[in-house]
Amino acid sequence: MPLRVYNTMSGEKEVFKPIEEGKVGMYACGPTVYDVCHIGHARATTVFDVIVRYLRYSGFDVTYVRNITDIDDKIIKKANEEKVLWSEIAERFTKEFWEDMSALGNLPPSIEPKATEYIPNMHKLIQTLIDKGFAYAIEGDVYFAVRKFASYGRLSKRNMDELISGSRVEVDERKKDPLDFALWKSSKPGEPWWDSPWGKGRPGWHIECSAMTMKNLGQTFDIHGGGKDLIFPHHENEIAQSEAATGKTFARYWLHNGFVTINHEKMAKSLGNFFTIKEVLKVYHPEVLRFFLLTTHYRNPIDYSDAALNDAKTGITKFYSTFKRVDEASSELNSATRNPQSEFEREAFENFKGLSGKIEEAMDDDFNTALAIGYLFDALKTVNRLCDDGCYFTMSYGRGVVAEIGKNILGLFTATPEGFFGTEAAKAALEISEDEIKRMIDERAEAKRSKEFKRADDIRGSLLKKGIILEDGPKGTTWKVKG
RNA sequence: GGCGGCGUAGCCAAGUGGUAAGGCAGAGGUCUGCAAAACCUCUAUUCAUCGGUUCAAAUCCGAUCGCCGCCUCCA
């Protein structure tokens with residue numbers, strides 16, 4: 001089955017066919033680095049990370065470009081507030097962004113251009129637009145004349161007259177038309193500036209993306225992504241200025257992720273209802289957040305709450321618990337027979353072999369990670385049952401298949417069970433030594449043997465108070481740190 | 001006001017023409033001295049409401065109600 005993606009431009013799922021067979025040029029709008037990132041940023045980058053992973057898994061050679069907007073009004077404002085250079089703000093929050101991305105397990109893009117590195121490219125593009133009559137300069141500012149671009153509004157499905165009547169924008173008197181947007185802004189005193197044919201100034205917001213995509217991916221490229229809130233005006237403007245300049249289609253597939261909401265309202269700085277990635281990662285393992293983000297289809301809104309995160313934690317913990325369980329049975333594995341012992345085991349083996357195909361089917365349908373994770377849960381249950389039945393070889397095979405798929409396509413299960421459960425760190429934080437725990441387990445076993453169950457339960461209770469959970473199994477008692 | 005989208009079990013969430021995945025929570029069971037974990041079974045005659053098209057609709061069409069987003073910076 002071919003890969004189908006929902007294209008905002010057509011409003012439909014379309015079969016994905018890249019310009020050049022086997023190759024994909026993809027651009028996703030990155031952050032404006034003026035503050036730390038919140039969960040909304042985490043979703044956007046994680047969604048496109050998974051899309052890139054899946055495209056690569058499917059055999060495409062993907063050039064993934066994600067920009068950093070390192071000059072902007074908000075960066076300047078923040079710099080003024082802190083009385084530091086704008087570049088210091090940009091550098092600080094670029095680093096913060098990289099830290100967050102790395103923690104979340106998002107792969108770095110192939111190319112990560114910064115707006116300020118593309119000033120000459122922007123100048124060239126703006127000049128072309130002026131030459132072609134799509135842009136005009138007034139007192140050091142350059143504006144794009146939206147009315148000159150006939151198909152304006154195609155992506156966001158609105159027409160120019162409606163935009164004006166519904167506009168809440170203060171009309172800038174220097175613009176010829178209220179819809180026109182700035183390509184180049186003259187600098188006010190004290191603001192950072194670059195020389196340009198129109199005087200000292202800095203780039204408008206939209207032009208950087210056009211300059212960076214053209215340089216790195218060509219005038220026409222395959223996929224352009226971003227949050228739904230960028231459809232208008234940002235992406236609409238990118239299309240207008242790019243296609244006006246080149247006369248060619250800009251991006252062929254437009255992919256947009258839905259919002260993270262809180263109480264069903266958009267998470268946003270301006271509403272003050274946001275959680276930063278770093279805040280969340282203080283409480284939850286990064287893969288809990290990643291798992292949470294991927295259990296809903298990327299175009300739908302996803303509501304953030306403690307309950308939802310705890311559900312996600314329970315979910316991914318099930319996977320790691322099973323992995324741990326399988327890994328600990330490795331001694332039995334050595335003596336295990338490779339031959340299926342039952343009809344169930346034979347079926348399980350076949351299901352594991354077919355699992356990647358089912359996951360691919362789900363992912364081919366507009367990257368349905370929610371469905372894919374559902375299949376992984378099915379497989380997980382089978383692994384546990386094989387474990388119960390002592391079918392070590394097939395169980396181990398299933399564990400491998402589940403972990404591999406999760407890792408390669410979803411970027412999950414990249415930790416070891418020990419690492420995920422934070423066992424080492426948690427052990428270090430305990431107020432009781434491992435030897436002492438072992439001694440108490442032995443003592444309890446002795447109590448159990450002599451049927452002194454009250455004493456046995458007391459020992460288990462006192463360990464629980466210290467954060468140790470005991471679990472009796474057929475091979476004796478194991479312990480773990482309470483999570 | 002214009003445009004776009006959503007409404008599926010107690011909660012979360014797939015499914016967009018062929019008779020409701022999965023997870024959490026809950027109930028019962030297996031195992032256990034008891035727990036825990038794991039497994040098994042059960043939990044929506046029904047997909048906001050009302051009409052229509054069709055042999056067949058959660059899925060398509062129309063209307064109504066409710067919610068959200070964009071139209072200003074925003075992932």
Side-chain angles (χ1 to χ4, degrees), chain A residues 8 11 13 28-32 34-35 37-48 72-74 77 153 156-159 161-170 179 205 225-234 236 256-261 263-271 274 291-292 295-297 299-303 305 307-308 310-316 318 321-322 324-325 358 362 365 368-378 380-389 447-449 451-454 456-457 460-461 464 469-474 477-478 480:
Chain A
T8 306
K13 283 183 199 169
C29 287
T32 300
Y34 74 102
D35 206 344
C37 291
H38 58 65
I39 307 304
H41 299 102
R43 185 180 198 193
T45 45
T46 302
V47 159
F48 289 105
D72 153 272
D73 288 355
K74 281 174 292 196
K77 183 164 173 263
S156 55
K157 284 147 190 85
R158 45 192 96 194
N159 69 53
D161 297 324
E162 281 164 355
L163 278 169
I164 289 177
S165 63
S167 178
R168 287 181 279 161
V169 179
E170 279 180 50
L179 291 180
W205 175 32
K228 273 194 159 113
D229 46 358
L230 297 181
I231 296 172
F232 190 90
H234 184 51
E236 199 69 72
H256 292 100
N257 65 276
F259 298 128
V260 177
T261 60
N263 294 323
H264 305 288
E265 282 192 342
K266 181 182 171 182
M267 180 183 287
K269 285 267 165 62
S270 52
L271 293 171
F274 62 92
F291 187 84
F292 164 70
T295 44
T296 296
H297 184 92
R299 282 191 284 119
N300 291 339
I302 186 167
D303 205 54
S305 66
N310 281 324
D311 272 7
K313 183 182 175 182
T314 306
I316 193 156
K318 275 184 81 152
S321 297
T322 300
K324 183 165 175 253
R325 188 182 179 199
K358 287 182 81 171
D365 186 13
N368 195 337
T369 55
L371 183 58
I373 287 172
Y375 291 146
L376 292 180
F377 268 114
D378 289 338
L380 190 73
K381 187 179 280 191
T382 306
V383 172
N384 272 316
R385 179 151 166 206
L386 292 166
C387 206
D388 285 350
D389 293 354
K448 279 172 69 177
R449 261 195 297 279
K451 304 250 189 271
E452 296 173 61
F453 296 123
K454 173 76 172 66
D457 288 349
R460 185 167 61 191
L464 183 62
I469 294 170
L470 297 188
E471 290 181 0
D472 294 340
T477 301
T478 58
K480 67 181 182 189

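Throughout, protein chains are lettered first and strands after them, A, B, ... in sequence-line order, and every chain is numbered starting at 1.
- Nucleotides B:C6 and B:G15 place their P atoms 11 Å apart, quoted to the nearest Å.
- With sequence neighbours left out, the side chain to side chain contact (heavy atoms under 4.5 Å, CB included) criterion links A:Lys74 to A:Tyr34, A:Asp72.
- When the ring-ring contact (aromatic ring centres under 6.0 Å, His included) test is applied to A:His297, no partner is found at least two apart in sequence or on another chain.
- For the ring-ring contact (aromatic ring centres under 6.0 Å, His included) test, no residue two or more places apart in sequence or in another chain qualifies with A:Phe453.
- Place A:Arg325 and A:Gly227 on RNA chain B by their nearest nucleotides, and A:Arg325 ends up nearer the 5' end.
- As judged by a 4.0 angstrom heavy-atom cut-off over every strand, A:Gly153 is placed among residues making no nucleic acid contact.
- For A:Cys37, the side chain to side chain contact (heavy atoms under 4.5 Å, CB included) partners at least two apart in sequence or on another chain are A:His41, A:Phe97, A:Asp100, A:Ile277.
- When all heavy atoms of A:Arg325 and A:Asn384 are compared, the closest pair comes out as NH1-OD1, 2.8 Å.
- Seen from the ring of A:Phe274, A:Lys269 counts as a face-on cation partner, given the 6.0 Å and 45° thresholds.
- Closest to the side chain of A:Thr32, from the set B:C3, B:A75, B:C73, is B:A75.
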Quick one, give me the B/S/- string for nucleotides 22-35 of chain B, reading 5' to 3', where B means a protein heavy atom under 4.0 Å from the base and S means that only happens at the primed atoms, P, OP1 or OP2. SBS--------BBB

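- Of the two residues near RNA chain B, A:Asp388 and A:Asn263, the one whose nearest nucleotide lies more 5' is A:Asp388.
- In summary, A:Arg385 and A:Asp388 do not engage in a salt bridge, as defined by a charged side-chain N under 4.0 Å from a carboxylate O.
- Among the protein residues, A:Asn384 comes within range of the sugar-phosphate backbone only, with heavy atoms under 4.0 Å from sugar or phosphate atoms but none that close to a base.
- The salt bridge (charged side-chain N to carboxylate O under 4.0 Å, His left out) search around A:Asp472 returns A:Arg444, A:Lys448, not counting sequence neighbours.
- Across B:G22 and B:A9, the matching P atoms stand 16 Å from one another, rounded to whole Å.
- A:Val260 comes within contact range of at least one nucleobase, with a heavy-atom separation under 4.0 Å.
- Judged as a side chain to side chain donor-acceptor pair (under 3.5 Å), and not counting sequence neighbours, A:Asp311 has no contacts.
- With rounding to whole Å, A:Arg299 atom CZ is found 11 Å from B:U16 atom P.
- With sequence neighbours excluded, the residues forming a side chain to side chain contact (heavy atoms under 4.5 Å, CB included) with A:Ala447 are A:Glu452, A:Arg455, A:Ala456, listed by chain and number.
- For the pair A:Glu265 CD and B:C68 C1', the interatomic distance rounds to 9 Å; values are reported in whole Å.
- A gap of 24 Å separates the C1' atoms of B:A25 and B:C34, to the nearest Å.
- Atom NZ of A:Lys480 and atom C1' of B:A37 are 7 Å apart (whole Å).
- Rounded to whole Å, atom P of B:C71 lies 10 Å from atom CG of A:Leu230.
- Nucleic acid contact for A:Lys228: none, since no nucleic acid atom lies under 4.0 Å from a heavy atom of the residue.
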Between the protein and nucleotides 13-15 of chain B, list every N/O to N/O distance that falls short of 3.5 Å.
unit_1, atom_1, unit_2, atom_2, d
B:A14, OP1, A:His297, N, 2.6
B:A14, OP1, A:Asn300, ND2, 3.1
B:A14, O3', A:Asn368, ND2, 2.8
B:G15, OP1, A:Asn368, ND2, 2.8

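- If you check every strand for non-hydrogen atoms under 4.0 Å, A:Arg158 touches a base.
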Canonical and wobble pairing (Watson-Crick, G-U, under 3.5 Å) of RNA chain B, dot-bracket with |: ((((((((.[[[..)..(...]]].(((((.......))))).....[[[[[..)....]]]]])))))))....

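- At the heavy-atom level, A:Thr45 lies nowhere under 4.0 Å from the strands shown.
- Among residues two or more places apart in sequence or in another chain, the salt bridge (charged side-chain N to carboxylate O under 4.0 Å, His left out) test is passed with A:Lys451 by none.
- A:Lys157 is linked by a side chain to side chain donor-acceptor pair (under 3.5 Å) to nothing, counting only residues two or more places apart in sequence or in another chain.
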